[in-house]
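This report concerns only the one structure given below.
Only a predicted model underlies this, so the values are computations on that prediction, with no experimental measurement involved.
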Amino acid sequence: MTMRPPRSLNASNLVETGFGALEYELAAECASSLGRQGRSVEQALSALKTAEESGVLPVERARLVDAAAQAVWALFVQRDICGLRNTREVIQRYGIPDNVLARLGATPRR
């Protein structure tokens, strides 16, 4: 995943303006929020994998699948807001299972 830096950070445009500083802060916040959401996805998928390996009850597994789907959905939305729309790369990078992808955007089961 690559992100193009704002044009205001180019060597020819390094004039100290309020707009350039704002663009820099927005790019930093975008990267930070993507990192936090990515860690959330990793934790949810790790908990699901651990539970599946230990033979957890189906009700608990369904709850973990829903939690992982919510985390992945939030990451996809955050990436879309930042202008990153290729989800295939994310699915491969995090190894998101099909049962989690099938629950994306769905209301959690009760």
Side-chain angles (χ1 to χ4, degrees):
M1 162 177 48
T2 60
M3 183 172 163
R4 183 176 52 85
R7 291 184 184 154
S8 64
L9 297 180
N10 290 341
S12 62
N13 294 333
L14 281 178
V15 177
E16 285 296 320
T17 65
F19 186 68
L22 178 62
E23 276 189 331
Y24 179 81
E25 289 296 321
L26 289 172
E29 183 57 35
C30 181
S32 176
S33 65
L34 286 173
R36 283 190 306 271
Q37 197 58 48
R39 285 187 296 277
S40 175
V41 167
E42 288 173 349
Q43 290 171 351
L45 292 175
S46 175
L48 176 62
K49 184 177 180 178
T50 302
E52 287 178 340
E53 289 172 353
S54 66
V56 73
L57 295 174
V59 174
E60 180 64 17
R61 183 180 176 282
R63 186 190 67 75
L64 291 169
V65 168
D66 285 344
Q70 291 292 330
V72 171
W73 178 253
L75 176 63
F76 284 176
V77 169
Q78 186 65 39
R79 284 177 51 85
D80 192 65
I81 289 169
C82 293
L84 306 169
R85 291 177 175 79
N86 184 1
T87 58
R88 288 183 188 156
E89 180 181 316
V90 176
I91 293 168
Q92 289 177 340
R93 176 171 292 171
Y94 290 102
I96 302 170
D98 291 337
N99 59 346
V100 172
L101 292 173
R103 296 290 303 161
L104 288 184
T107 305
R109 296 172 260 207
R110 300 203 185 252

For this session: Please round to the nearest 0.5 Å and tell me the distance separating atom CD of E23 and atom CG of L26.
Result: 8.0 Å
Seminar exercise, completed: Heavy atoms of L64 and A51 approach each other most closely as CD1-CB, 3.2 Å
For this session: State, yes or no, whether a side-chain contact exists between L34 and L84 at a heavy-atom distance under 4.5 Å.
Result: yes
Exercise. Any side-chain heavy atom of E52 within less than 4.5 Å of one from N99?
Worked result: yes
Exercise. Is any side-chain heavy atom of L45 closer than 4.5 Å to a side-chain heavy atom of P97?
Worked result: yes
Exercise. Looking at side-chain heavy atoms only, is the closest gap between Y94 and L75 below 4.5 Å?
Worked result: yes
Exercise. Do the side chain of R103 and the main chain of A67 share a donor and acceptor less than 3.5 angstrom apart?
Worked result: no
Exercise. Going by atom types only, do R36 and S32 share a side-chain donor-acceptor pair under 3.5 Å?
Worked result: yes
For this session: List the atom of A68, the atom of A44, and the distance in Å for their closest heavy-atom pair.
Result: CA-CB, 3.7 Å
For this session: Before giving the answer on salt bridge (Lys or Arg N to Asp or Glu O under 4.0 Å), spell out for R39 and E42 the whole-Å C-alpha distance, their side-chain angles and the decisive distance to 0.1 Å.
Result: CA-CA 5 Å; R39 285 187 296 277; E42 288 173 349; over 6 Å; no
Exercise. How many angstroms lie between atom CD of Q43 and atom CG of L48, to the nearest 0.5 angstrom?
Worked result: 13.5 Å
For this session: Kindly work out whether a path of hydrophobic side-chain contacts (I/L/V/M/F/W/Y, heavy atoms less than 4.5 Å apart) joins V65 to V56.
Result: no
Exercise. Judged by atom type as modelled, is there a donor-acceptor pair below 3.5 Å linking the side chain of S54 to the main-chain atoms of T50?
Worked result: yes
Problem set entry | S33 versus Q78, closest heavy-atom pair with distance | OG-NE2, 2.9 Å
Seminar exercise, completed: Heavy-atom closest pair (A71 atom, V41 atom, distance to 0.1 Å) is O-CG2, 3.4 Å
Exercise. At what distance, to the nearest 0.5 angstrom, does CG of L101 lie from CH2 of W73?
Worked result: 11.5 Å
